[in-house]
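What follows is a set of notes on a single structure, which appears directly below.
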Amino acid sequence: MPPPEYPEWKTPIPRGEWDLRKVKEEILEHSDIKSLVDGNSISRNVNIPNKLLDREEFERSFLKSKCNSQKDIYVYLITSLIESISGRAQNGTVVVKNPHLEEYAQELKSWFPEAKFIHVLRNPYANIYSLRKGRRSTPRLRNNFYRPTAKSYYFMERNLRYVDEYEVFRFEDVVLNTERTVEKLAHHIGVEPHSTLLRPTILGKPWGGNSRTTEEEFDGIDPRPVDSFRANISSIDIALVNRFFSTLMEKYNYEKLPTPSLKKWLPSGLESPFAYVENRYLLFDTVL
């Protein structure tokens, strides 16, 4: 992994109560947690009204919790939030949806032996296109897009071998064959399939979903992201995806596009000369 922007954020395992308290204070300074505590929208039209969340109690409860390990911090962050919303402790299943958790699956499994994992895999062409969409300039592709993507696939395959209850589901199946796939997901995590699983809510209220653009009520899953890359993906990306991820595409039954023979040499977007040279070098490199 590249070094973090703020090295103190990813500290070694704390060795004392003071260090753990410092970590808790740093967590409360994280942009998403600050938005939650300050009453601002968290992300993608998610806003918890003041009447539903005692923000001062959440911060106070989390800071005063006695934590002897990083696991304790993780648990108390979640339980403090639940208690500040409901006013009391709750028993049930906690679902955490975050990118990059595949890196920590083995550690999380050691903390929570009963945990079950769902890895949602997207077509590599669509994944790379989505990451690059909206950028006119073309940065150096290795560090910005291909190495992180390859790292995610590496941990996914490793977790399938070494982490119990770790399953991979294709994004395309969730979107195009929703009811059947959600039923499989429900069985995997041990809950009864129910129609409510097909309609997103926030604290029991209908929600528009996690699209970056929607501000309306949920009106069904949009299938367009499945194939939108086909008319827009650059030739160099087709060539690089085929070079580095063809084995994965074959394993998960993704259609492989033909590698452009000449177009891959054309500049992609506002590609600087230095970026052009480094990006085309990837066509001959053996590792990311």
Glu255 and Arg230 ion-paired at < 4.0 Å: yes
Under 6.0 Å from the CZ atom of Phe112, do we count more than 12 heavy atoms belonging to anything else shown? yes
Count the heavy atoms of every other residue, nucleotide or ligand shown that sit under 6.0 Å from OH of Tyr252, and state whether that count exceeds 12. yes
Is it true that, when you exclude Arg180 itself, more than 12 heavy atoms of the residues, nucleotides or ligands shown sit nearer than 6.0 Å to its CZ? no
Phe229/Tyr129 aromatic ring centres below 6.0 Å: no
Would you kindly say whether Glu102 and Ser152 are connected by a side-chain donor-acceptor distance under 3.5 Å? yes
For Phe245, which of Tyr125, Phe145, Tyr254, Tyr153 qualifies under ring-ring contact (aromatic ring centres under 6.0 Å, His included)? Tyr153
Atom CG in Asp164, atom CD in Glu114: separation rounded to 0.5 Å? 12.5 Å
Do Thr181 and Asp173 get their side chains close enough for a donor-acceptor pair, meaning under 3.5 Å? no
Test: Glu167 and Lys184 ion pair at under 4.0 Å: no
Would you tell me whether Asp237 and Tyr146 have side-chain atoms, one donor and one acceptor, within less than 3.5 Å of each other? yes
Counting only heavy atoms not in Lys71 (residues, nucleotides, ligands), do more than 12 fall under 6.0 Å from its NZ? yes
Between Arg280 and Glu271, does any side-chain N to carboxylate O distance fall below 4.0 Å? yes
Neighbour count above 12 (heavy atom, 6.0 Å) for Glu56 CD: no
